[in-house]
Number of protein chains: 2
Amino acid sequence: MAGLKQVQRQTGVALWRQIADRIREAISSGAYDETGMVPPETVLALQFGVNRHTVRSALAALAQEGIVRAVQGRGTLIERKERLNFPITRRTRFTAGIGDQAREMRGLLLDEAKEEASAEIARWLGLKPGEQVIRLETLRQADKRPVSRATSWFPAERFAGIGEAYRTGESITKAFAELGLPDYVRATTEVTAAHASAADMADLELTPGAILLIAKAMNTDLEGVPVQYSISRFAADRVQFTIEN
Amino acid sequence: MAGLKQVQRQTGVALWRQIADRIREAISSGAYDETGMVPPETVLALQFGVNRHTVRSALAALAQEGIVRAVQGRGTLIERKERLNFPITRRTRFTAGIGDQAREMRGLLLDEAKEEASAEIARWLGLKPGEQVIRLETLRQADKRPVSRATSWFPAERFAGIGEAYRTGESITKAFAELGLPDYVRATTEVTAAHASAADMADLELTPGAILLIAKAMNTDLEGVPVQYSISRFAADRVQFTIEN
DNA sequence: TATGGTTGTCTATATCAATAGACATTTTGA
DNA sequence: TCAAAATGTCTATTGATATAGACAACCATA
């Protein structure tokens, strides 16, 4: 399991942050499932080869994130530890994909705009650059916990009113259905990773240094005509993607 | 493009490192392709709202990575900027997948061991826990630049000698072929992201704070019998995954 | 060849990060 | 009820980080 060995000194990233990352990882890998607690501060300090105060800074950061809760005299309890699985297939849908892994799924519309397609968007949607597209900024939550922040583009002519449909249905699938598109398929998905920007940190309730999994996806209708291009930014410590071939 | 606006103060990560990350991203997004140079230090300092010395620390780190090169009197030149695309399909192969994006592809065998399958490995390979498996530690390079570090497990009985076959062939596909398995398919792939460990930083020539894309993959033969389970760790700034459905 | 724009170097100061040690406070269980 | 084990708080010191200003060195070009 997570070999909690010595940390090596790295410039530019505070030791307590590196240690916080290591402990967070150990927690989510289930290393402390037996006790439901993090080892005592003195033990962690010894394992990582740092001062106890440094470990305390790390644990304070994790407490701030809501991952652990310290109780004087008892120890430091682990609060949460789930990682949602997100299957990527031809029938990928965010809400259904998460399925029974969470009780309540919501999609919130943060912003809507009609704009001219950039060269890249036009290419993905099979339009000419400058044609009208609707851009939706959405935030997706699983049990009130933010999971991803997405920017989606739709051909404006075909999907007029999709913003309102999304706002009421709280999912792309329902919005498409309301606009007369009962079914669609995932054509391509590109996955990369990056550090979270300040804006994404705020929306996804992340802390500095957090990682994003970025999925650029294109959906088509059953005839293969592009209906949506989206760039979704997932909190990397809350999800994993599964590709079944 | 990459809106190089003010950085917001984040505890635990040095400002110069955050700025280095932002500039690296801007470079790889092609923001400075016209000039082939990063803007002057004074301009960057103004854009980010920090002191010029802080920008200099960031640029020094990027120079250390080989991404930029400062020339006194002229400016700071951009050295490299490629991101390899790695398609994930039923026929995913590392070497062929990279294909024409690099001239020379190599797979180096770092370590080989015969061991008992853990519960997880056994599950993936369809074995009983404790059955013998062969574990290979490999490093994959594109044009001498390390791209990924992988740990792979194979059923020991069926693939005895795969270590030697990999060492000479420098690819899994060739090693399989040599052992009488001319073809195989990718069954499942799970993608996550995490910070690089010290060991991976060394092997992949990464700098502190670097991100990994982690792909856990299972390959089967044409009858659907598992032949390989692997955990590959990619330098996130050097690759992207593409899933075509 | 002179000038403006650029990177390189130096000094100084304030704040943050990390270590070190001591002791208080709380919980659990013998 | 006491002792052990755990987290909480305080003081002090050192080195890394960030800002500020000034000037040197170098390059391109008008």
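Keep in mind that this is a model prediction, so the values were computed, not measured. Quick note on labels: first sequence line is chain A, next is B, and so on, each numbered from 1.
Rounded to whole angstrom, the span from the CG atom of A/Leu15 across to the P atom of D/dA16 amounts to 12 Å. In this entry the distance linking CD of A/Gln18 with P of C/dA18 reads 8 Å, nearest Å. Regarding B/Leu44, its CG atom lies at a distance of 17 Å from the P atom of C/dG5, rounded to whole Å. Look at CD1 on A/Ile78: it is 12 Å from P on D/dT7, rounded to the nearest Å. Taking atom CZ of B/Phe48 as the reference point, atom C1' of D/dA18 lies 16 Å away to the nearest angstrom. Whole-Å rounding puts the B/Leu62 CG to C/dT7 C1' distance at 15 Å. Here C/dT6 presents its C1' atom at 16 Å from CG of B/Leu46, a figure rounded to the nearest Å. Here C/dT19 presents its C1' atom at 17 Å from CH2 of A/Trp16, a figure rounded to the nearest Å.
Contact of the A/His53 side chain with the A/Glu41 side chain is not registered, since no non-hydrogen atoms from C-beta on lie closer than 4.5 Å. Within the 4.5 Å cutoff, the side chain of B/Trp124 has no heavy atoms near those of the B/Trp153 side chain. Within the 4.5 Å cutoff, the side chain of B/Leu206 has heavy atoms near those of the B/Leu212 side chain. Side-chain contact check for B/Ile27 versus B/Val68: some heavy-atom pair is nearer than 4.5 Å. Considering only heavy atoms from C-beta on, A/Thr151 comes within 4.5 Å of A/Arg233 through its side chain.
Between B/Leu136 and B/Gly163 the shortest heavy-atom distance is CD2-CA, 3.8 Å.
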Taking only nitrogen or oxygen atoms into account, show me every contact under 3.5 Å that the protein makes with nucleotides 28-30 of chain C, one pair per line with its distance.
unit_1 : atom_1 : unit_2  : atom_2 : d
C/dT28 : OP1    : A/Arg74 : NE     : 3.2

(request) Any chance you could list the contact pattern along nucleotides 8-13 of chain D? Use B for base contacts, S for sugar-phosphate-only contacts and - for none, protein heavy atoms under 4.0 Å, 5' to 3'. (result) BBB---

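For the helix from C/dT1-D/dA30 to C/dA30-D/dT1, the rotation axes defined at the first and last 5 base pairs enclose an angle of 20°, given to the nearest 10°.
With A/Thr35 contributing its side chain and A/Met37 its backbone, the two residues share a donor-acceptor pair below 3.5 Å.
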(message) Could you walk me through whether A/Glu115 and A/Val133 satisfy the side-chain contact (heavy atoms from CB on, under 4.5 Å) test, starting with their C-alpha distance in whole Å, then the side-chain angles of each, then the deciding distance to 0.1 Å, before giving a yes or no?
(response) CA-CA 6 Å; A/Glu115 58 190 29; A/Val133 290; 3.9 Å; yes

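To the nearest 0.5 Å, the span separating CZ on B/Arg135 from CG on B/Asp111 amounts to 6.0 Å.
Note: B/Phe241 and A/Phe241 fail the aromatic proximity criterion, with ring centroids not under 6.0 Å apart.
Between the side chains of B/Thr42 and B/Arg52, no donor-acceptor pair is found at a separation under 3.5 Å.
The side chain of B/Thr76 has C/dT7 as its nearest neighbour among C/dT7, D/dA20, D/dA6.
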